Engineer: 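What follows is a single structure, and I will ask about it in a moment.
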Amino acid sequence: MTDRHLAYLARWLKAGQRMGLCDADIVSIDSASGKGVQRQVVVWVRESADPAYLIGPAGLKWVVSDAIRDNVIGEYRSFEHALAAIRPVIALKEKPVRRAEPFLLQG
């Protein structure tokens, strides 16, 4: 997590207060492999006292999870797109790319 990520997170939180964003925090979690500590963002929304979302890096992508139901919502190519998946309060310059979905070619 870089200073740029933290600055964007603060901007996103401020812009999203009217849309129910309440707070966010950076937490350190021991990695599953035991090779270090991973930093994740925990997001609270007005509708619940419990953390609502988790955002963490996974290789070159960012994973957004529903913290209440423990489900992965999606994988995104940037931190900004991951935040927009929760609440799209800041306009993005490009469309997010989620997991590749199979499609049918029509001819």
Side-chain angles (χ1 to χ4, degrees):
M1 185 113 357
T2 66
D3 289 342
R4 181 184 64 80
H5 293 128
L6 297 175
Y8 191 86
L9 177 62
R11 201 170 127 221
W12 178 78
L13 270 174
K14 184 176 180 181
Q17 287 178 341
R18 291 184 181 178
M19 290 184 67
L21 292 175
C22 192
D23 198 8
D25 198 5
I26 310 296
V27 297
S28 298
I29 299 173
D30 291 330
S31 68
S33 65
K35 292 184 179 180
V37 175
Q38 183 182 42
R39 294 176 72 190
Q40 291 192 344
V41 176
V42 180
V43 178
W44 285 266
V45 296
R46 183 173 41 224
E47 298 86 12
S48 174
D50 294 323
Y53 301 97
L54 291 172
I55 303 171
L60 298 175
K61 297 184 181 198
W62 290 87
V63 176
V64 177
S65 299
D66 178 334
I68 296 170
R69 293 172 191 85
D70 197 28
N71 292 324
V72 172
I73 293 172
E75 297 175 355
Y76 303 89
R77 70 170 137 213
S78 72
F79 183 67
E80 292 82 1
H81 286 101
L83 291 174
I86 296 171
R87 297 282 200 282
V89 297
I90 299 175
L92 297 172
K93 295 180 179 159
E94 56 186 71
K95 292 184 179 181
V97 173
R98 296 176 76 141
R99 286 186 224 148
E101 298 289 334
F103 62 93
L104 299 174
L105 294 176
Q106 298 178 1

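None of the values given here were measured: they were computed from a predicted structure. Numbers here are sequence positions counted from 1.
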Engineer: Using the test side-chain hydrogen bond (donor to acceptor under 3.5 Å, both in side chains), find all partners of R69 that sit at least two apart in sequence or belong to another chain.
Structural biologist: D66
Engineer: Who pairs with A24 by side-chain contact (heavy atoms from CB on, under 4.5 Å), at least two apart in sequence or on another chain?
Structural biologist: L9, L13, V41, V43
Engineer: To the nearest 0.5 angstrom, please state how far the CD1 atom of I73 sits from the OG atom of S65.
Structural biologist: 7.0 Å
Engineer: Which atoms form the tightest heavy-atom contact between P51 and I68, and what is the distance?
Structural biologist: O-CG1, 3.5 Å
Engineer: Enumerate the side chain to side chain donor-acceptor pair (under 3.5 Å) contacts for residues 3-27, please, sequence neighbours excluded, ordered by first and then second residue.
Structural biologist: T2-H5, R4-E80
Engineer: Using the side chain to side chain donor-acceptor pair (under 3.5 Å) rule, collect all pairs that involve residues 43-53, keeping only residues at least two apart or in two chains.
Structural biologist: E47-R87
Engineer: V64 and L92: same hydrophobic cluster, using ILVMFWY side-chain contacts below 4.5 Å?
Structural biologist: yes
Engineer: Is any side-chain heavy atom of V63 closer than 4.5 Å to one of I55?
Structural biologist: no
Engineer: Is the Y76 to W62 ring centre distance short of 6.0 Å?
Structural biologist: no
Engineer: Sequence neighbours excluded, which residues qualify as side-chain contact (heavy atoms from CB on, under 4.5 Å) partners of A15?
Structural biologist: V89, I90
Engineer: Are there more than 12 heavy atoms of other residues, nucleotides or ligands under 6.0 Å from atom CG of N71?
Structural biologist: yes
